[in-house]
Amino acid sequence: MERYDPKAIEAKWQGVWADARASHVPDPGPGADRSKKSYVVEMWPYPSGTLHMGHVLVYTIGDVISRFHRRNGLAVLHPIGFDSFGLPAENAAIREGGHPREITERNIVTISESMRRMGWGFDWDRLLSAHEPSYYRWDQWLFLKLFEAGLAYRKASPVKWCPVDQAVLANEQVHDGRCEYCGAEVVSKNLEQWFFRTTAYADELLDELEGLDWPDRVKAMQRNWIGRSEGAEILFSVDELETDVPVFTTRPDTLFGATFFVLAPEHPLVDQLIERSPNAAELRDYVGKAAVKRGEERAAAEEKTGVFTGFFATNPVNEARIPIWVADYVLMDYGTGAIMAVPAHDERDLAFAERFDLPVVTVIDDDGRLVNSAQFDGRPAEEAKGAIVDWLGERGRGKTAISFRLRDWGFSRQRYWGCPIPIVYCDDHGAVPVPYDELPVLLPDIEDYKPKGIAPLASAVDWVRAPCPTCGKEGRREVETMDTFVDSSWYFLRYCDPHNEDAVWDRELVDFWNPVDQYIGGVDHATMHLIYARFFMKALNDLGLIGFREPFQNLFTNGWVQLGGSKMSKSKGNVIGPEELVEEYGADSARLYMLFIGPAREDMDWTDDGIDGMQRFVRRLYRLVSEVAERAPAGEPPAGELTRKAHETIAKVTDDIGRRQSFNTAIAAIMELVNELSKAGPEDPAARFAAETAVSLIQPYAPHVAEELWQRLGHERLWEHAWPVADDAQLVRDTFELVVQVNGKVR
RNA sequence: GCCGAAGUGGCGGAACUGGCAGACGCGCCGGACUCAAAAUCCGGUUCCCUCCGGGGAGUGUGGGUUCGAUUCCCACCUUCGGCACCA
C-alpha cells in the first residue's frame with residue numbers, strides 16, 4: 001500500500017474544489033429561507049508578508065465551523081478579504097523603498113496562495129481589499145452619509161505640535177516633551193480633527209450588548225469602555241467672574257465635604273482666571289507643560305501637581321467659599337472638566353489635599369450616615385444622594401446626570417496609506433463634501449510618505465488643488481486619511497454584494513446574510529473594532545441603509561498563540577511557521593494539531609512537540625481506512641461495541657463543534673473511535689461503518705485526507721454529504737456500571 | 001485600585017448538569033518485528049505503601065454545604081488579561 005502523501009492528496013483535492021467551486025455560495029434567490037443560512041466571518045487579516053500561527057488558528061476555526069454548517073444543510077457564506085490600508089505597509093515603503101501599494105499587493109498574492117494551501121474554504125469570488133478604489137470609494141460614500149447625518153464632524157482637538165518642523169506628532173514621536181526629529185520643545189495645539197459621534201449611541205451600545213452571544217469577558221470590557229456612571233451635575237458659582245461652573249459627581253452625598261475645587265488645565269475658564277490671577281506666570285507655565293504630557297504621564301506622576309488660582313468657588317449647599325486650583329489630575333474630556341474635591345472620601349483628592357495642605361472634612365461616618373451635613377445629618381448615604389440632588393434641583397443648582405467614559409472616535413490620520421476623506425475646504429464655504437458622483441477621490445501617488453511635514457498628502461499639490469463643490473472657487477482637499485478601523489467597520493456588509501458598482505450594497509442581500517452568525521477573531525479587538533462596527537450598524541440602520549442594529553450575533557474569541565514562551569527555550573528552539581509546517585506535515589495535520597493543542601479560546605504556547613504525534617494519527621487513519629476499504633464486509637453494521645462507539649462519537653463531535661465549540665475534544669473523540677476500530681481490525685463487520693464515520697467526522701478539520709479516504713470507501717463529494725446523525729437507540733447500553741459508595745468511598 | 005479569566009500528572013489538556021479524577025495526545029519506560037536502524041504494533045506510565053490480593057493520599061491554600069465536590073458557597077494565595085487620576 002502506498003504511503004500517506006499529504007502533498008499529492010492536498011493538491012489533488014484543492015484542484016477538485018476549485019473546479020467544483022465548492023466554497024462558492026450564490027446570491028439568495030427570491031423567497032430564500034433565512035433560517036437555512038449561515039454567515040461565518042473571521043476578522044480579515046492585515047496582509048503582512050506571511051501567515052503566522054495566529055492566522056492558522058483563526059481561519060481553521062472558521063473553516064471547521066463553515067464546513068460543519070454546510071454539511072448540516074445550511075447555505076454558508078464564508079468570505080475573505082484584506083485589511084490592506086495602514087501603517088505597516090507605509091512604514092515598509094519608507095524603510096525599503098517602493099510604493100505601499102506594490103508591497104501590499106505582493107503580500108496579498110503570497111498570503112492568498114498560503115491560504116489556499118491550508119485548504120480554507122473561502123468564497124474567493126468575493127475577495128475584497130480595503131486599498132482598492134472599488135472598496136474605499138464606499139468608505140467615502142458612507143462617510144458622506146454619516147457627515148450629512150451629523151454623525152461625522154470636525155472639532156478642534158489638542159494635538160502635539162512641533163513648532164520647528166511645523167508638524168503634528170504622534171505620541172510615540174514625543175520624548176520627554178521634545179520632538180523626536182529636531183529636539184524642539186513640543187507644544188499643544190488645537191487642530192481641527194474628524195470625529196464620528198459614537199457617544200450618540202452610548203446607551204444603545206451598552207444596552208444592546210445583552211442580546212448578543214458573546215463571551216462575558218468581551219461584554220465586560222465593552223461595558224467598562226463605555227463606562228456609564230450615574231450621578232449629578234452641580235453648579236458652583238465663581239462670584240468674582242459672575243459665572244457658574246458645573247461639576248459632575250457620582251457622590252452628591254459628599255457635597256458638604258468639598259473643601260476645594262479643581263479645574264482641568266484645558267478648562268476654558270482657566271484662560272480668564274489666568275489674566276486676573278496673582279499667580280498668572282506660574283499658572284501659564286503649568287498649563288503649557290500639562291498640555292504636552294500624555295495621559296499616561298499624568299497618571300504615572302508620583303505626586304499630584306497643581307497651582308492655586310487665587311479665586312474661590314461657592315458651594316451651593318452651604319455657601320462655603322472654597323479655593324479654585326488648576327491640576328492635571330482632572331481631565332477635560334470626562335464629566336465637565338471641573339470637580340468638587342472631597343478629600344475625606346476620594347483617594348485622589350486626599351493625595352492632593354495632603355500635598356498642598358488643604359482641609360479634610362469627613363461627612364460620612366463609619367455607619368454610612370451623613371455627618372457635618374446640616375439638615376441631611378443622619379441620613380444613609382445612598383438615600384442622601386437623591387435628597388441632596390432634589391434640594392439642589394429646587395434651587396436650580398443641580399440635577400441628576402449620566403456621564404460616559406466613551407469618547408467620540410477620532411478618525412483623522414496624518415498618514416498616506418489610507419482612504420482619503422472626501423472633503424474640499426473652501427474659504428467661503430468651509431468643509432464641503434465631495435459630491436457622490438465624483439467618488440472615489442483617488443489616493444494620488446506621491447514621492448515621499450514620511451510623516452515629516454503635515455500629512456504626506458499635502459505634498460501632492462496638484463491633487464490638493466480642487467474646486468469648491470458649492471461655488472467652484474479654488475479650494476483644497478482634505479489631506480488627512482481615514483483610520484483603518486473605518487474600513488473594518490463594514491467590510492462584512494460588502495462581502496454580501498462585493499462587485500456592486502452602482503451602490504454600496506443591495507439592501508436585500510445584506511439583510512439576508514446579516515447579522516453575521518459566527519464572527520471569529522482575537523480578543524485584542526474586544527473594544528475598538530467591535531465597538532466601532534457596532535456603532536456603524538446602529539448609524540446605518542438609522543439612515544435606513546440596513547435592517548438590523550448589531551453586526552455579530554455570535555462571537556468566538558480565540559486565544560493568543562504565543563511563540564517562544566517559557567517552554568520554547570527549553571525544547572529545540574527551532575520554531576517553524578505555517579508554511580514550513582504545511583511543507584513538512586501537510587495542511588491536514590497542521591490544522592488538526594493547531595486545534596488539538598488546547599482549547600481554542602484560551603492562550604497557548606506554540607510548540608511543535610506534538611505535531612509528529614498528529615501526523616502519526618493521520619497516517620494511521622489513512623492506512624486503517626485504506627485496509628477497511630479493501631477488506632471490510634459491506635452491509636448494515638451489526639449492533640455491538642464498535643457500532644455503538646461510532647454513534648457515540650457522532651453525538652459527541654456534533655455537540656462539540658455545533659454547541660460547545662470545543663474543537664480539541666472533538667478531535668480526541670475521533671481518535672478514540674479510530675483506536676477502537678484499530679483494535680477491532682479491518683474485517684470486523686462494523687469496521688466499514690466505523691471507518692466511514694471517522695472519515696466523515698474529521699472532514700471539517702482535515703478535509704483533504706477525509707475526501708481522499710471517502711473516495712476510497714466508494715463514495716464521492718464528502719464536502720456536500722449530509723452530516724451524520726447518531727441513532728439514539730444505538731446509544732443505549734445493555735449493561736451499565738452502577739457506582740456504589742459507602743461512607744464516601746467507592747466499594 | 002477597578003473589572004474579567006484561570007490554577008488538575010513530567011508536559012498540553014479532559015471530566016459538559018454535583019456521581020469511578022487524569023479521556024485524548026506528547027514525553028518517558030518495557031516488549032514484538034529487524035542482522036541493525038527507521039517505520040509500525042503491543043503493554044505500562046498521578047504520588048506513596050504493598051505480603052502483588054490490595055491499601056492510602058490526591059485537582060492552588062484553609063474552611064463549609066452534601067451520601068458524594070475539580071464542579072456549589074465563604075475567605076485567602078498565585079498567575080494571566082483588560083481598564084486605569086473617568087470625579
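Scope of the values below: all heavy atoms of this structure, side chains included, with no hydrogens, waters or symmetry mates. These numbers come from a predicted model, not from an experiment. Here is how names work: the chains are called A, B, and so on, in the same order as the sequence lines, proteins then strands, and each is numbered from 1.
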Give the nucleotide from the list C3(B), C83(B), U40(B) with an atom nearest to the side chain of Arg623(A).
U40(B)
Tell me the partner of C11(B), counting only Watson-Crick (N1-N3 plus N6-O4 or O6-N4) or G-U wobble (N1-O2 and O6-N3) with both under 3.5 Å; none if nothing fits.
G25(B)
Assign the ring pair Tyr532(A) / Trp409(A) to parallel, tilted or perpendicular, where the plane angle (0 to 90°) is split at 30° and 60°.
parallel
Among A23(B), A14(B), A87(B), the nucleotide that comes nearest once only the side chain of Ile339(A) is considered:
A87(B)
Could you tell me the separation between the CD1 atom of Ile670(A) and the P atom of C24(B), rounded to a whole number of Å?
14 Å
Syn/anti state of G9(B) by chi, 90° boundary around 0:
syn
For atom CE of Met332(A) and atom C1' of A87(B), their distance in whole Å
13 Å
In whole angstroms, the gap separating C1' of C24(B) from CZ of Arg616(A) amounts to 14 Å
Arg405(A) CZ to C2(B) C1', straight-line distance once rounded to whole Å
9 Å
Could you let me know what A57(B) is paired to, Watson-Crick or G-U wobble, both distances under 3.5 Å, or none if it's on its own?
U46(B)
Could you please name the option among A14(B), G25(B), C41(B) that lies closest to any side-chain atom of Asn675(A)?
G25(B)
Taking the minimum atom-to-atom distance to the side chain of Arg217(A), which one of A23(B), A14(B), G4(B) wins?
G4(B)
Look at all strands and tell whether Arg407(A) reaches a base, only sugar-phosphate, or nothing, counting heavy atoms closer than 4.0 Å.
base
Could you tell me how far C72(B) sits from U78(B) if I compare only their P atoms? Round to whole Å.
22 Å
Are OP1 or OP2 of A14(B) and a side-chain N or O of Asn664(A) less than 4.0 angstrom apart?
yes
Which residue lies more 5' along RNA chain B, comparing Ile597(A) with Ala669(A) via nearest heavy atoms
Ile597(A)
Contact class for Val247(A) (heavy atom, under 4.0 Å): base, sugar-phosphate, or nothing?
nothing
With C1' as the reference atom in both, quote the distance from G63(B) to G81(B) in angstrom, rounded to an integer.
30 Å
Any base atoms under 4.0 Å from Pro599(A), or only sugar-phosphate, or nothing? Heavy atoms, all strands.
sugar-phosphate
If the P atom of C28(B) is compared with that of A39(B), how far apart are they to the nearest Å?
12 Å
Considering only side-chain heavy atoms of Arg660(A), which listed nucleotide, G12(B), C16(B), C42(B), is closest?
C16(B)
Suppose we define a pair by two distances each less than 3.5 Å, Watson-Crick or G-U wobble; what does C83(B) pair with here?
G1(B)
Base, sugar-phosphate alone, or nothing: which one does Ser229(A) contact when heavy atoms must sit under 4.0 Å apart?
sugar-phosphate
For C41(B), which nucleotide in any strand shown is its Watson-Crick or wobble partner with both distances under 3.5 Å?
G31(B)
For U17(B), the Watson-Crick or wobble partner whose two distances fall under 3.5 Å:
none
What do you reckon, are the aromatic ring centroids of Phe352(A) and Phe260(A) less than 6.0 Å apart?
yes
According to the interplanar angle, ranging from 0 to 90°, do the rings of Tyr519(A) and Phe552(A) count as parallel (below 30°), tilted (30 to 60°) or perpendicular (above 60°)?
parallel
Give a yes/no on whether any side-chain N or O of Arg620(A) is located under 4.0 angstrom from OP1 or OP2 of C41(B).
yes
How far does the P atom of C11(B) sit from the matching atom of U61(B), given to the nearest Å?
15 Å
Would you call the rings of Phe196(A) and Phe535(A) parallel, tilted or perpendicular if under 30° counts as parallel and over 60° as perpendicular?
tilted
Distance, P atom - from G19(B) to G56(B), rounded to whole angstrom:
23 Å
Per Tyr334(A) side chain, nearest of listed nucleotides C85(B), A87(B), G4(B):
A87(B)
Please check the phosphate of C24(B) (OP1 and OP2 only) for any side-chain N or O of Thr665(A) closer than 4.0 Å.
no
When you compare G64(B) with C51(B), how far apart are their P atoms, in angstrom units rounded to a whole number?
37 Å
Heavy-atom nearest nucleotide on RNA chain B for Lys652(A) versus Gly335(A): which residue maps closer to 5'?
Lys652(A)
At under 4.0 Å, does any side-chain N or O of Arg223(A) touch on OP1 or OP2 of G4(B)?
no
When the P atoms of C80(B) and G13(B) are compared, how many Å lie between them, rounded to an integer?
16 Å
What's Gly613(A) touching, base or sugar-phosphate or nothing? Going by heavy atoms closer than 4.0 Å.
sugar-phosphate
Check: Ile324(A) main-chain N/O paired with Thr309(A) side-chain donor or acceptor under 3.5 Å
yes
Does Arg659(A) make a side-chain donor-acceptor contact with the base of C16(B), cut-off 3.5 Å?
yes
Would you mind reading off the distance between Met614(A) atom CE and C26(B) atom P, rounded to a whole angstrom?
9 Å
To the side chain of Ala668(A), which of A23(B), C16(B), C3(B) is closest?
A23(B)
Can you check the Glu602(A) CD to A14(B) P distance for me, whole Å?
7 Å
Give me the ring orientation class for Trp723(A) and Phe68(A): parallel if the planes are under 30° apart, tilted from 30 to 60°, perpendicular past 60°.
perpendicular
U78(B) pairs with, by Watson-Crick or G-U criteria that keep both distances under 3.5 Å:
A6(B)
Classify the ring geometry of Trp606(A) against Tyr593(A): parallel below 30°, tilted from 30° to 60°, perpendicular beyond 60°.
perpendicular
Gap between atoms CG and C1', on Leu331(A) and A87(B) respectively (whole Å)
9 Å
Is G53(B) syn or is it anti, if syn means the base angle is within 90 degrees of 0?
syn
Taking the six-membered ring for Trp and the full ring for Phe, Tyr or His, determine whether the centres of Phe556(A) and Trp214(A) are under 6.0 Å apart.
no
May I have the distance from Arg619(A) (atom CZ) to C41(B) (atom C1'), rounded to whole angstrom?
14 Å
Could you tell me if the side chain of Leu595(A) sits less than 4.5 Å from the side chain of Ile667(A), heavy atoms only?
yes
If I pick the P atom on U71(B) and the same atom on G7(B), what distance separates them, to the nearest angstrom?
11 Å
